[in-house]
Amino acid sequence: LFRGVALLVLVALTLFTAVVVGRRTVSEIFVNRGVLELQAGNADTAFANAANAARIETTGNVLRLATNAGAQKLAEIVQDTTLSQEVARANFESVLGQTITAGNQAVALNPGDYRPHFVLASIYDSLATLNVQGAYESAIATYAEATKRNPNNPAIRLNSLLLISSFYALFFLNQHTRNGVLMDEQ
């Protein structure tokens, strides 16, 4: 009787493990396809692969793919001159909401990972260049969080410094121009 129960437990654990590993594998296949699509410049297809992967299992990789695809899609929307202003704004707001949500979920799922912070900071950085209120402050704070988690990554520091320098350059120009003309200090 004991051997029969032990065998049954062993079979159940084996099946459970197979299902868990199988789900993760299929989810990661969608993530890998999405990454390849993103590298090829197909943000919409990458987003679809992230959604397919999330339906199976939501992992940090799935959420990072969704965040990166969203960042690329936001850039595409901004550059698309064929969209009306209303359509562009609606698309931008929709994708932005999905992207920030995925990024925040990635941060919550893996709080020690710098990558979701870095991608979110880059998104806030882009929003700051569009003069979105609060985006500059969010970018600085999120770059700082990414730096805490990976202090030796030069890309984080470089992007943060570029943001700060562009902010101060704009501040200087605004202080020293009148009607678009640079004024001499006397």
Side-chain angles (χ1 to χ4, degrees), residues 26-110 113-147 149-150 153-167 169-170 173:
V26 172
S27 179
E28 289 300 317
I29 288 170
F30 279 114
V31 168
N32 289 334
R33 286 181 182 172
V35 168
L36 291 173
E37 290 295 334
L38 196 57
Q39 289 172 346
N42 302 321
D44 291 327
T45 308
F47 244 145
N49 277 292
N52 288 335
R55 279 194 281 287
I56 297 166
E57 184 176 15
T58 301
T59 65
N61 288 341
V62 171
L63 295 168
R64 275 193 308 279
L65 172 60
T67 306
N68 286 322
Q72 185 169 319
K73 183 64 179 172
L74 290 170
E76 289 174 10
I77 293 168
V78 168
Q79 295 172 358
D80 190 345
T81 58
T82 64
L83 297 175
S84 70
Q85 188 173 4
E86 297 80 28
V87 170
R89 180 181 305 272
N91 288 351
F92 189 88
E93 289 174 359
S94 173
V95 172
L96 179 62
Q98 293 171 8
T99 303
I100 297 296
T101 298
N104 286 331
Q105 288 174 340
V107 166
L109 190 61
N110 297 306
D113 189 353
Y114 80 95
R115 294 172 296 181
H117 292 282
F118 186 49
V119 174
L120 280 172
S122 298
I123 293 166
Y124 292 133
D125 190 337
S126 296
L127 294 173
T129 63
L130 299 172
N131 294 321
V132 173
Q133 186 176 4
Y136 173 80
E137 293 81 5
S138 294
I140 292 297
T142 312
Y143 277 133
E145 289 299 318
T147 301
R149 286 153 182 80
N150 191 346
N153 187 322
I156 300 169
R157 291 192 185 274
L158 177 63
N159 286 8
S160 181
L161 290 172
L162 288 171
L163 174 65
I164 292 168
S165 65
S166 66
F167 174 79
L170 288 173
L173 285 174

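- With a 4.5 Å cut-off on side-chain heavy atoms, Thr59 and Val62 count as touching.
- Although no hydrogens or angles enter the test, the distance criterion places a donor-acceptor pair under 3.5 Å between the side chain of Asn32 and the main chain of Glu28.
- Heavy-atom minimum distance, Ala43 versus Glu76: CB-OE2, 3.7 Å.
- Leu83 places none of its side-chain heavy atoms less than 4.5 Å from the side chain of Phe92.
- The backbone N or O of Asn91 lies less than 3.5 Å from no partner atom in the side chain of Ser94, so there is not a single donor-acceptor pair.
- Although no hydrogens or angles enter the test, the distance criterion places a donor-acceptor pair under 3.5 Å between the side chain of Ser122 and the main chain of Phe118.
- Contact check for Asn52 versus Ile56: no side-chain heavy atoms found under the 4.5 Å cut-off.
- Summarising the geometry of Thr129 relative to Ser126, their closest heavy-atom pair is OG1-O, 2.5 Å, with the distance given to 0.1 Å.
- The structure places CG of Leu120 at 11.0 Å from CD of Glu145, a figure rounded to the nearest 0.5 Å.
- Panel note: side chain Arg157, backbone Asn153; no donor-acceptor pair is recorded below 3.5 Å.
- The two atoms that bring Glu37 and Ala46 nearest to each other are CB-N, 4.0 Å, heavy atoms only.
- Counting heavy atoms from C-beta on, the side chains of Ile100 and Tyr124 come closer than 4.5 Å.
- The nearest pair of heavy atoms linking Ile156 to Tyr143 is CG2-O, 3.7 Å.
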inquiry  = Evaluate Lys73 against Asp44 for side-chain contact (heavy atoms from CB on, under 4.5 Å), listing each step before the verdict.
reply    = CA-CA 7 Å; Lys73 183 64 179 172; Asp44 291 327; 3.2 Å; yes
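- The OG atom of Ser138 sits 11.5 Å away from atom CD1 of Ile123, with the distance rounded to the nearest 0.5 Å.
- At a threshold of 4.5 Å between non-hydrogen side-chain atoms, the residues Asp113 and Arg64 count as touching.
- Atoms CG and CD1, on Leu96 and Ile77 in that order, are 9.0 Å from each other to the nearest 0.5 Å.
- When side chains are defined from C-beta on, Phe30 does not count as touching Arg55, because their heavy atoms never get closer than 4.5 Å.
- Contact check for Val78 versus Leu74: no side-chain heavy atoms found under the 4.5 Å cut-off.
- In this structure, CG in Leu127 is found 15.0 Å from OH in Tyr136, a value given to the nearest 0.5 Å.
- Under the salt bridge (charged side-chain N to carboxylate O under 4.0 Å, His left out) criterion, Arg33 pairs with no residue at all, not counting sequence neighbours.
- Note that the CG atom of Asn61 and the CG atom of Leu109 stand 9.5 Å from one another [nearest 0.5 Å].
- No side-chain heavy atom of Pro116 sits less than 4.5 Å from a side-chain heavy atom of Thr67.
- Annotation for Val35 and Leu65: closest pair N-CD1, 3.8 Å, computed over non-hydrogen atoms.
- Here the closest non-hydrogen pair linking Ala66 and Phe47 is O-CE2, 3.5 Å.
- For Ser166 (side chain) and Leu163 (main-chain N/O), a donor-acceptor pair under 3.5 Å exists by modelled atom type.
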